[in-house]
Undergrad: 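So that we are looking at the same thing, I have put the structure below in structure tokens.
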Amino acid sequence: MRTLPLLLIAPLLYRPSAARCRLIAANDDEVLRRRIASQLRAEEEKLAQEKLVLQSRVADLAAADTREQEIYEESGGALPVVCLDAMLPRQQLRVETDDDTFCRLLRDVGLGGVFVVTSLHFGQKRLRRSGVLVRVSLVDAPRESDSTPTSVRAIAPHRASPLSLTRAARRGQVSALLVGRRRVRLRGPPTGLQLRVGRWRREYDDSIVSERALGWGVERFVDRGAPSAAAAAAMPAAAAEASHHTEWSLTPFEVLADADEAPLYEPGGVCDAAWPAEGDSPPPASLVEAAARLSADLEAWRRLAAERSTYDDPAVTAGARARRGDLRLDPALLLARVCRDLGPKPPPEAPTALALWGGALINPLPSLGVSTEVRGAVLEAQGAAERVALVQRAVSRSIANLEGRRPLF
């Protein structure tokens with residue numbers, strides 16, 4: 001019989017006394033108590049830090065509300081202007097970008113900050129002077145300092161946006177939710193207007209593989225009348241004095257407000273401020289009747305566009321995408337979210353508000369692709385009657401396509 005090694009049988013021969021067992025148990029209990037106390041202190045410190053961050057964000061948002069309300073009360077101001085996409089009041093644009101300049105702009109503007117968004121007039125290859133004030137409702141940015149305000153991560157964006165580039169692995173990425181607030185128009189002469197604003201262009205990209213990048217430079221704007229040679233000739237000197245394209249400029253603008261636009265906004269909210277007096281004359285009866293027809297057609301359009309079976313018809317523009325499986329958006333869910341963002345539909349007695357609401361409905365973000373683009377034209381329309389007519393033509397054309405009666409384009 002072989003002898004077991006001493007190291008194996010020694011633990012079997014040694015039995016600690018009862019007193020030592022009690023001492024070991026007491027030490028284990030003390031270690032456990034210390035660990036629990038340490039974890040509790042860490043949790044308390046974490047909660048205290050989160051409370052401080054939350055209090056700071058609440059203070060930042062309150063200050064942002066005050067600054068935005070001052071813009072409305074003063075009927076304008078000066079802010080960075082970015083040519084991005086036509087947006088209407090209360091529309092929400094979810095973006096994710098790794099563009100260096102736009103990331104820095106979002107970080108500097110911060111949670112609750114505002115800037116101006118305008119759009120390109122594709123027919124004239126010029127920028128529209130009418131746009132919308134947008135507010136950074138959510139922003140998630142890599143912190144560069146303790147003063148950088150951040151919030152929770154925004155929802156993934158529509159990938160067709162020029163903000164969604166392909167170099168996230170090499171650059172810090174920023175997610176944000178931009179919310180349209182009030183209509184604005186850039187200040188300047190009615191013709192020959194050129195201003196230094198932000199726009200995505202290939203020449204602003206310094207990388208080896210040239211892609212569109214945001215940069216600031218002098219851009220031409222759509223005229224509101226006959227071209228002015230004197231105004232156009234005055235701008236080359238301003239272009240020569242411009243800073244580097246990564247540094248943005250503050251561009252003056254005015255806030256546009258029609259008395260019948262107020263129902264579009266939440267009563268008592270930040271946007272519900274400094275409306276012009278309504279006067280003694282309500283909208284003409286003919287305009288109210290036209291707005292009532294538009295309101296009924298918008299309801300009919302919403303029912304058709306939200307129904308998935310609508311896209312089974314091969315004559316419907318988006319039907320081919322649905323059959324290929326490219327219609328990845330659920331129309332009903334998208335329109336339900338859009339209606340929630342836009343709030344209640346304004347009454348026909350507020351034709352401007354109704355036209356803006358209707359334009360945002362039939363041209364949702366992200367795009368559903370079942371209506372012609374009218375947002376930029378609605379922003380630049382002169383008066384409520386023109387706005388109502390623009391949206392009416394677009395929604396009638398879209399309904400005819402959704403019913404399979406005529407092509408959209």
Side-chain angles (χ1 to χ4, degrees), residues 71 74-88 93 97 99-102 104-106 108-109 113-134 161-163 178 180-206 210-257 373-383 386:
I71 291 175
E74 296 171 3
S75 300
L79 289 171
V81 176
V82 180
C83 176
L84 182 57
D85 189 10
M87 291 181 64
L88 292 175
L93 177 63
T97 178
D99 181 272
D100 288 342
T101 303
F102 198 54
R104 285 193 297 104
L105 176 65
L106 289 174
D108 287 359
V109 169
V114 291
F115 59 96
V116 174
V117 166
T118 186
S119 59
L120 178 67
H121 190 299
F122 289 97
Q124 298 190 25
K125 305 300 182 185
R126 296 185 180 189
L127 274 58
R128 299 184 185 272
R129 62 179 70 214
S130 295
V132 68
L133 189 75
V134 299
S161 168
L163 305 183
L178 308 180
R181 305 294 275 178
R182 294 271 291 270
R183 295 185 300 122
V184 301
R185 182 168 57 217
L186 304 184
R187 296 185 183 274
T191 60
L193 179 61
Q194 299 187 49
L195 295 171
R196 189 171 185 269
V197 299
R199 184 178 176 184
W200 267 264
R201 288 184 176 276
R202 291 187 182 277
E203 54 263 37
Y204 293 146
D205 190 349
D206 298 328
S210 179
E211 298 181 12
R212 288 184 297 171
L214 178 63
W216 257 255
V218 175
E219 299 284 349
R220 296 186 302 165
F221 285 79
V222 174
D223 289 330
R224 299 177 63 192
S228 169
M235 291 310 298
E241 297 172 1
S243 304
H244 191 266
H245 65 78
T246 58
E247 301 299 326
W248 47 85
S249 303
L250 300 180
T251 303
F253 64 91
E254 59 180 321
V255 176
L256 304 177
E373 178 59 63
V374 296
R375 291 173 297 171
V378 167
L379 287 172
E380 294 203 321
Q382 303 297 313
E386 185 178 347

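Here, residue 1 is the first one in the sequence, and each next residue gets the next number.
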Undergrad: What residues, two or more places apart in sequence or in another chain, satisfy side-chain contact (heavy atoms from CB on, under 4.5 Å) together with Ser119?
TA: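 Partners of Ser119 by the side-chain contact (heavy atoms from CB on, under 4.5 Å) criterion, ordered by chain and then number, come out as Ala86, Arg128.
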Undergrad: Just how far is it from atom OG of Ser130 to atom CZ of Phe253, taken to the nearest 0.5 Å?
TA: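 Going from the OG atom of Ser130 to the CZ atom of Phe253 covers 13.0 Å.
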Undergrad: Parallel, tilted or perpendicular, judged at 30° and 60°: which one describes the rings of Trp216 and Trp248?
TA: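 Because their plane-to-plane angle lies in the 30° to 60° range, the rings of Trp216 and Trp248 count as tilted.
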Undergrad: Taking only residues two or more places apart in sequence or in another chain, which ones pass side-chain contact (heavy atoms from CB on, under 4.5 Å) with Arg126?
TA: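 Per chain and number, Arg126 pairs via side-chain contact (heavy atoms from CB on, under 4.5 Å) with Gln124, Arg220, Val222, Asp223.
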Undergrad: Start with the C-alpha distance between Phe115 and Leu106, add both sets of side-chain angles, then the distance that settles side-chain contact (heavy atoms from CB on, under 4.5 Å), and finish with yes or no.
TA: CA-CA 10 Å; Phe115 59 96; Leu106 289 174; 4.3 Å; yes
Undergrad: Check whether any side-chain N or O of Ser249 sits under 3.5 Å from a backbone N or O of Thr251 as a donor-acceptor pair, and report yes or no.
TA: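 The answer is no, because no donor-acceptor pair under 3.5 Å joins these two groups.
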Undergrad: Going by the salt bridge (charged side-chain N to carboxylate O under 4.0 Å, His left out) test, name the single residue among Arg201, Arg196, Arg129, Lys125 that passes it with Glu219.
TA: Arg201
Undergrad: Does the side-chain contact (heavy atoms from CB on, under 4.5 Å) test come out yes or no for Val197 and Thr118, once each step is laid out?
TA: CA-CA 10 Å; Val197 299; Thr118 186; 5.8 Å; no
Undergrad: Can you tell me which residue among Val134, Ile71, Val255 is in a side-chain contact (heavy atoms from CB on, under 4.5 Å) with Arg182?
TA: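 Looking at Val134, Ile71, Val255, the match for Arg182 under the side-chain contact (heavy atoms from CB on, under 4.5 Å) is Val255.
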Undergrad: Working to the nearest 0.5 angstrom, can you tell me the gap between Arg183 CZ and Leu133 CG?
TA: 12.5 Å
Undergrad: With a 3.5 Å distance limit and no angle check, can you tell me whether Arg187 reaches the backbone of Gly76 through a side-chain donor-acceptor pair?
TA: no
Undergrad: Listed by chain and number, what are the side-chain contact (heavy atoms from CB on, under 4.5 Å) partners of Ala377, not counting sequence neighbours?
TA: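 Checked Ala377 against side-chain contact (heavy atoms from CB on, under 4.5 Å); matches are Leu390.
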Undergrad: Could you list the residues that satisfy side-chain hydrogen bond (donor to acceptor under 3.5 Å, both in side chains) with Arg181, not counting sequence neighbours?
TA: Glu68
Undergrad: Apply side-chain contact (heavy atoms from CB on, under 4.5 Å) to Leu120 and list each qualifying residue two or more places apart in sequence or on a separate chain.
TA: Cys83, Phe122, Leu127, Arg199
Undergrad: Please test Leu178 against Leu84 for side-chain contact (heavy atoms from CB on, under 4.5 Å), starting from the C-alpha separation and ending with a verdict.
TA: CA-CA 11 Å; Leu178 308 180; Leu84 182 57; 4.2 Å; yes
Undergrad: Which residues satisfy the salt bridge (charged side-chain N to carboxylate O under 4.0 Å, His left out) test with Glu254, sequence neighbours excluded?
TA: Arg185
Undergrad: According to side-chain hydrogen bond (donor to acceptor under 3.5 Å, both in side chains), who are the partners of Glu373, at least two apart in sequence or on a separate chain?
TA: Arg375
Undergrad: Gln382 side chain to Glu380 main-chain N or O, any donor-acceptor pair under 3.5 Å?
TA: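 Looks like yes, one N/O pair under 3.5 Å.
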Undergrad: Is there a side-chain contact (heavy atoms from CB on, under 4.5 Å) between Val117 and Asp85? Walk through the geometry before answering.
TA: CA-CA 7 Å; Val117 166; Asp85 189 10; 5.6 Å; no
Undergrad: Check each of Val109, Thr246, Leu214, Asp99 against Arg104 using the side-chain contact (heavy atoms from CB on, under 4.5 Å) test, and report the only one that passes.
TA: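 Filter result, single survivor: Thr246.
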